[in-house]
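Since the structure comes first, as C-alpha cells, the remarks are kept for the end.
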Amino acid sequence: MTLPKLVKDYIDKLKELRELGKDPFIIKKFEKDADAAYVIKKFSGLEAGEETDYKVKMAGRLLSKRKHGGVIFADLKDSSGKIQLVFRKDYTDEFKVLRLVDRGDIIGVEGIVIKTKRGELSILVKSWVVLSKALRPLPDKWHGLEDIETRYRQRYVDFIMNEESRKSFILINKVLHLIRSYLNENGFIEVYTPILQPVYGGAFARPFETYHHFLEEKMYLRIAPELYLKRLLVGGFEKVYEFAPCFRNEDVDSLHNPEFIQLEFYWAYIELKDLMDFLEKMFESIVTNLVGDTKIEYQGKIIDFKRPWRRLRMVDAIKEFGGPDVEKMGDEELFKHAEELGIHEERRGEIIEKLFDCYAKDRFVNPTFVTHFPLDISPLAKKAGGYADRMELYIAGMEVANGFSELNNPIEQYKRFKEEEELRKKSDKKGLETMPMDKDYVRALEYGMPPATGVGVGLGRFFMILNDKATLREVIAFPTLAREEGIEVIPELYPEVMDWYD
RNA sequence: GGGCUCGUAGCUCAGCCAGGCAGAGCAACGGGCUUUUAACCCGUUGGCCGCGGGUUCAAAUCCCGUCGAGCCCGCCA
C-alpha cells in the first residue's frame with residue numbers, strides 16, 4: 001500500500017490550511033449565484049480574449065489543475081457541467097496559497113466571466129476558498145476510473161469521474177417523474193405497503209428472512225407488493241400504484257439484483273386487454289417525452305415503442321420460432337421433449353414456460369405482449385379458456401412487465417394456495433418455488449374484491465433499455481456486492497489527525 | 001451450481017507463454033515557465049505483484065487452494 005505516502009501530502013496541506021485559519025471543514029455554506037451550465041449558456045458567444053465585468057460565485061470539484069508559473073488553469077465541475085477557472089498571479093488573491101489546493105478538492109470561487117486567448121470560456125478568479133479537502137487522490141485524469149468492481153464499490157468516485165454514469169441516474173429521475181405524472185393524471189394514487197411481511201407472496205422467489213425482536217416473530221422482506229395492493233382494492237381504492245423496492249434471495253447476474261424496484265399498479269373494473277392498451281400508451285408517451293421519438297437504440301438494435309404492439313399467445317410464440325405445438329402434446333410427450341432439451345420441471349406449465357424462454361423469448365425486440373400463460377404457474381390470476389388470463393411484456397428479449405386479471409374468487413384462491421402447499425410438500429426443491437398460504441389475503445377476498453387487472457413492471461430493465469446499458473448494475477446506484485474486507489481509512493493510517501478535531 | 005477470463009504503484013496498464021534486481025504513463029513531491037486544456041521541460045518519491053500453501057538455488061511468472069470481480073451456461077416467471 002502506497003496510499004499512506006500519497007495521503008501524507010494531502011493531510012500536510014490540510015494542516016497548513018488549518019494553520020492559515022482556512023480549515024475547509026468548519027465552513028457551513030457557500031452562496032453560489034451561478035453554475036457552469038448557466039455561464040456557458042449565457043456567455044458562449046464571447047470573443048476569444050474578451051473579458052466581461054460579469055461577476056459570479058460558483059462552487060464545485062476541481063478536476064484538473066494546470067500550472068504555468070504566473071497563471072494556473074483548472075477545471076471546475078458542478079452538477080450542471082464543467083467550466084475552466086483561471087487564477088492569475090497579478091489578479092487572484094492569495095495566489096501562492098493555491099499550492100495547497102489539489103485536484104479533487106471542492107472549492108468556491110468568485111470572479112468574472114472571460115474567454116481566454118485560446119477561446120476557452122472561463123472564470124477569472126478573484127477570491128477563492130477551499131470548501132472540502134480531498135484526502136485521497138482522484139483516478140487518472142485521462143483514463144479515469146475503469147475498473148468495474150471499483151466503479152460499483154465506490155460509486156461516488158465513479159460519479160465524479162464518469163459523467164456518463166451520473167447521467168444515467170439523472171435520466172432515471174426523469175423517467176420516474178414521467179411515470180408518476182402519467183399515473184397521477186390517470187387518476188391513480190400512490191401508496192406504500194409493507195416491506196416487512198409476516199407472509200411473503202405475490203411471486204415465486206426465495207425471500208430474505210429477518211426477525212422482529214419485539215413481536216418475537218420471523219418476518220420476511222417482501223418479494224412483491226401484490227397481495228397488499230389488492231387488499232387496497234378490497235378497501236375501495238380503484239386505482240393504486242407503488243414504486244416498490246422488492247427483495248429476492250437469489251443469484252445475481254446482469255438481469256437480477258437481490259434488491260430491485262418494481263412498479264406495480266392495479267385498476268379495478270378493467271380487463272387485461274384494457275391494461276395492455278394502457279401500458280402501450282404509457283410507455284409510448286414516456287419514451288416520446290424522453291427522446292422525442294418512439295424509436296430508441298438499445299445495444300445496437302432499434303426498439304420501436306409505437307403502438308399497437310404485437311400480442312400473441314405463449315403457445316403460439318413457441319410454435320412460431322420452431323418449437324413444438326404443445327397444445328397437441330400430452331403430458332408424457334411434453335415431459336419427454338423437455339427432458340431432451342435439458343428442462344427438468346415438475347409442472348406442465350413450468351415446462352411450457354421454459355420452452356417459451358428457450359425458443360421465443362429472445363426474438364421479441366420490439367415491445368410484445370405474450371398472453372395465455374399456463375394456469376399452474378399463475379396462482380393469483382383468473383382463467384381464460386384453459387389458460388391464465390395473464391400477459392408478460394417482452395422488450396429486447398427481456399421480461400419487463402407481468403400482469404393479469406386478478407383472481408378475486410376467495411374459494412378458488414384458497415384452493416390455489418392449497419395446491420401450492422401440496423406441491424411444496426412433494427417438491428424436492430425445498431418449496432422455494434411455491435407460494436405460501438396467506439389466509440389474511442383470502443379473508444380479504446371474502447369481503448369482495450372488484451374485478452381488476454394489475455401489473456408489475458421491472459423498472460430496472462426499463463431503465464437499462466432507456467440508458468442503453470447491458471447490465472442492471474449500471475442502473476442501480478449501489479449494486480449488491482460481496483462484503484469488502486480490509487478497508488483502511490485515513491485516521492487509522494495517520495492517528496495524529498484525530499487530535500486536530502476534538 | 002458448472003465453464004472461461006481477470007486481480008502488479010492512488011489510477012490506466014506492461015512484465016507471466018519461455019522462472020533470474022519490480023517497470024511505464026498519469027497522479028504526488030522539488031525546480032522552471034503569465035494563456036494552458038491529456039500543457040510542457042528537469043529531477044524525486046511511491047510496491048504484501050489479491051491472499052495462503054507447494055515446486056525450485058531462485059517465483060509477479062510454474063502448480064494447488066482460497067477470496068474478489070467480469071462474461072457465458074444453469075437457476076431465479
Side-chain angles (χ1 to χ4, degrees), chain A residues 1-10 12-13 48-49 63-75 82 84-92 95 99 102-104 114-122 124 134-154 157 161 202-206 223-224 248-258 314 342-345 347 349-350 352-354 356-357 361 370 373-374 377-381 388 390-392 394 399 401-402 404 429 432-433 435 456 458 470-471 473 479 481-486:
Chain A
M1 264 306 223
T2 56
L3 190 58
K5 296 263 185 189
L6 278 165
V7 161
K8 186 70 167 58
D9 296 320
Y10 289 84
D12 282 348
K13 288 177 185 174
L63 283 191
S64 65
K65 190 181 167 195
R66 300 178 288 279
K67 289 186 289 179
H68 291 260
V71 62
I72 298 171
F73 299 95
D75 294 321
K82 213 158 68 168
Q84 177 169 272
L85 303 178
V86 180
F87 301 89
R88 228 158 52 191
K89 198 174 184 174
D90 58 9
Y91 183 86
T92 305
F95 187 84
R99 74 188 167 78
D102 290 297
R103 191 165 161 262
I114 64 164
K115 197 168 243 183
T116 63
K117 287 175 191 165
R118 293 291 178 101
E120 180 79 20
L121 188 64
S122 308
L124 177 58
L135 301 180
R136 289 173 183 265
L138 243 35
D140 187 286
K141 68 185 171 194
W142 183 242
H143 297 97
L145 178 63
E146 294 181 356
D147 182 73
I148 293 170
E149 185 176 348
T150 311
R151 283 187 51 234
Y152 294 154
R153 284 198 193 279
Q154 295 179 254
V157 182
M161 298 305 296
F204 293 113
R206 185 203 299 209
I223 58 173
R248 297 186 184 177
N249 204 342
E250 288 162 352
D251 291 359
V252 182
D253 64 30
S254 61
L255 289 180
H256 299 83
N257 196 65
M314 179 176 271
I343 297 168
H344 316 285
E345 296 297 345
R347 305 186 227 201
E350 283 177 302
I352 293 172
E353 195 184 28
K354 286 276 148 57
F356 169 78
D357 287 349
K361 185 171 137 178
V370 176
F373 274 59
I377 54 166
S378 313
L380 301 166
R390 172 177 170 189
M391 65 81 187
E392 281 186 349
Y394 284 83
E399 179 200 333
N402 172 19
F404 39 83
K429 290 186 187 168
L432 299 176
E433 293 169 43
M435 275 184 205
T471 80
R473 289 183 291 274
L481 294 171
R483 185 191 306 278
E484 182 182 1
E485 303 289 348

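The analysis underlying the following values was restricted to heavy atoms, covering all of them including side chains, and did not include hydrogens, waters or symmetry mates. Letters A, B, ... mirror the listed sequences (proteins, then strands); counts begin at 1.
Remark: the R136(A) side chain and the Q154(A) side chain contain no N/O donor-acceptor pair separated by less than 3.5 Å.
A straight line from NZ of K67(A) to C1' of C26(B) spans 15 Å, rounded to a whole angstrom. Counting to the nearest Å, the P atom of C40(B) and the CZ atom of R66(A) are 11 Å from each other. What separates CG of L481(A) from C1' of C67(B) is a distance of 14 Å, to the nearest Å. Taking atom OH on Y10(A) and atom C1' on G46(B), their separation rounds to 13 Å, with Å as the unit. In this structure, E149(A) atom CD and U12(B) atom C1' are separated by 16 Å, rounded to whole Å. The nearest whole Å value for the distance from the CZ atom in F95(A) to the P atom in C33(B) is 12 Å. As a whole-Å value, the separation of H143(A) NE2 from C13(B) P is 7 Å. Note: CD1 (I148(A)) to P (U5(B)) measures 17 Å, nearest angstrom.
Counting any heavy atom pair closer than 4.0 Å across all strands shown, E485(A) reaches no nucleic acid atom. Residue-level contact check: T92(A) touches neither bases nor backbone, having no heavy atom under 4.0 Å from any strand. Residue-level contact check: K8(A) touches neither bases nor backbone, having no heavy atom under 4.0 Å from any strand. At the heavy-atom level, E120(A) lies under 4.0 Å from base atoms of the strands shown. Within the 4.0 angstrom heavy-atom criterion, no nucleotide atom of any strand lies near I377(A). No engagement by D75(A) is indicated, since no non-hydrogen atom pair under 4.0 Å with the nucleic acid exists. Residue-level contact check: G144(A) touches the backbone only, with heavy atoms under 4.0 Å from sugar-phosphate atoms and none from bases. Among the protein residues, E484(A) comes within range of no part of the nucleic acid, since none of its heavy atoms lies under 4.0 Å from any strand. Residue D253(A) is in base contact, counting any heavy-atom pair closer than 4.0 Å across all strands shown. Within 4.0 Å (heavy atoms only), G456(A) reaches no atom of the nucleic acid at all.
Listed nucleotides: A39(B), C11(B), A28(B). Nearest to the side chain of K13(A): A28(B). Side-chain proximity of F73(A) to the nucleotides C11(B), U35(B), A69(B) is greatest for U35(B). The Y152(A) side chain lies nearest to G70(B) when the options are C29(B), G70(B), U12(B). Closest to the T471(A) side chain, of the nucleotides C26(B), U37(B), C71(B), is C71(B). Which of C11(B), A69(B), A27(B) sits closest to the side chain of L6(A) comes down to A27(B). Comparing C75(B), U35(B), G68(B) against the side chain of T116(A) picks out U35(B) as the nearest. Out of C13(B), A39(B), C26(B), the shortest distance to the side chain of E146(A) is found at C13(B). Among the nucleotides C75(B), U37(B), A28(B), the one closest to the side chain of D102(A) is A28(B). Distances were taken from every side-chain heavy atom of V71(A) (C-beta onward) to each of U34(B), G68(B), A28(B); the shortest belongs to U34(B). Taking every side-chain heavy atom of D251(A) into account, G74(B) is the closest of G68(B), A27(B), G74(B).
At a threshold of 4.5 Å between non-hydrogen side-chain atoms, the residues V71(A) and F87(A) do not count as touching. Side-chain contact between D75(A) and L85(A) is absent, with no heavy atoms from C-beta onward closer than 4.5 Å. Within the 4.5 Å cutoff, no side-chain heavy atoms of I223(A) are placed close to those of F204(A).
Rounded to a whole angstrom, the distance from the P atom of G3(B) to that of U55(B) is 27 Å. C64(B) and C6(B) have their P atoms separated by 14 Å, with the value rounded to a whole Å. Nucleotides G53(B) and A58(B) have their P atoms positioned 16 Å apart, rounded to a whole Å. Here the separation of A69(B) from U56(B), taken at their C1' atoms, is 32 Å to the nearest Å. Taking the C1' atom of each, A60(B) and U8(B) are spaced 7 Å apart, rounded to whole Å. Rounded to whole Å, the separation between the P atoms of C17(B) and G7(B) comes to 14 Å. Here the separation of A14(B) from C49(B), taken at their C1' atoms, is 13 Å to the nearest Å. Between G20(B) and A59(B), the two C1' atoms lie 10 Å apart (nearest whole Å).
Taking CE of M314(A) as the reference point, atom CZ of F356(A) lies at 5.0 Å (rounded to 0.5 Å). With values rounded to the nearest 0.5 angstrom, R473(A) atom CZ is found 7.5 Å from D253(A) atom CG. Going from atom CG of L135(A) over to atom CG of L6(A) covers 12.5 Å, rounded to the nearest 0.5 Å.
Contact annotation: R473(A) side-chain N/O to C71(B) OP1/OP2 distance is under 4.0 Å. Between K141(A) and A27(B), a side-chain N or O to OP1/OP2 separation shorter than 4.0 Å is present. The phosphate of U35(B) (OP1 or OP2) has no side-chain N or O of R88(A) nearer than 4.0 angstrom.
In this structure, G43(B) and C29(B) make a Watson-Crick or G-U wobble pair, each of the two defining distances being under 3.5 angstrom. Across the strands present, U66(B) finds its partner in G50(B); the criterion is a Watson-Crick or G-U wobble pair with both atom distances under 3.5 angstrom.
Heavy-atom nearest nucleotides on RNA chain B were determined for D147(A) and for K117(A), and the one closer to the 5' end corresponds to D147(A). Nearest-nucleotide positions on RNA chain B place T150(A) closer to the 5' end than the other of T150(A) and K89(A).
A 6.0 Å sphere centred on NZ of K65(A) holds more than 12 heavy atoms belonging to other residues, nucleotides or ligands.
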Before giving the answer on salt bridge (Lys or Arg N to Asp or Glu O under 4.0 Å), spell out for D102(A) and K13(A) the whole-Å C-alpha distance, their side-chain angles and the decisive distance to 0.1 Å. CA-CA 9 Å; D102(A) 290 297; K13(A) 288 177 185 174; 2.5 Å; yes

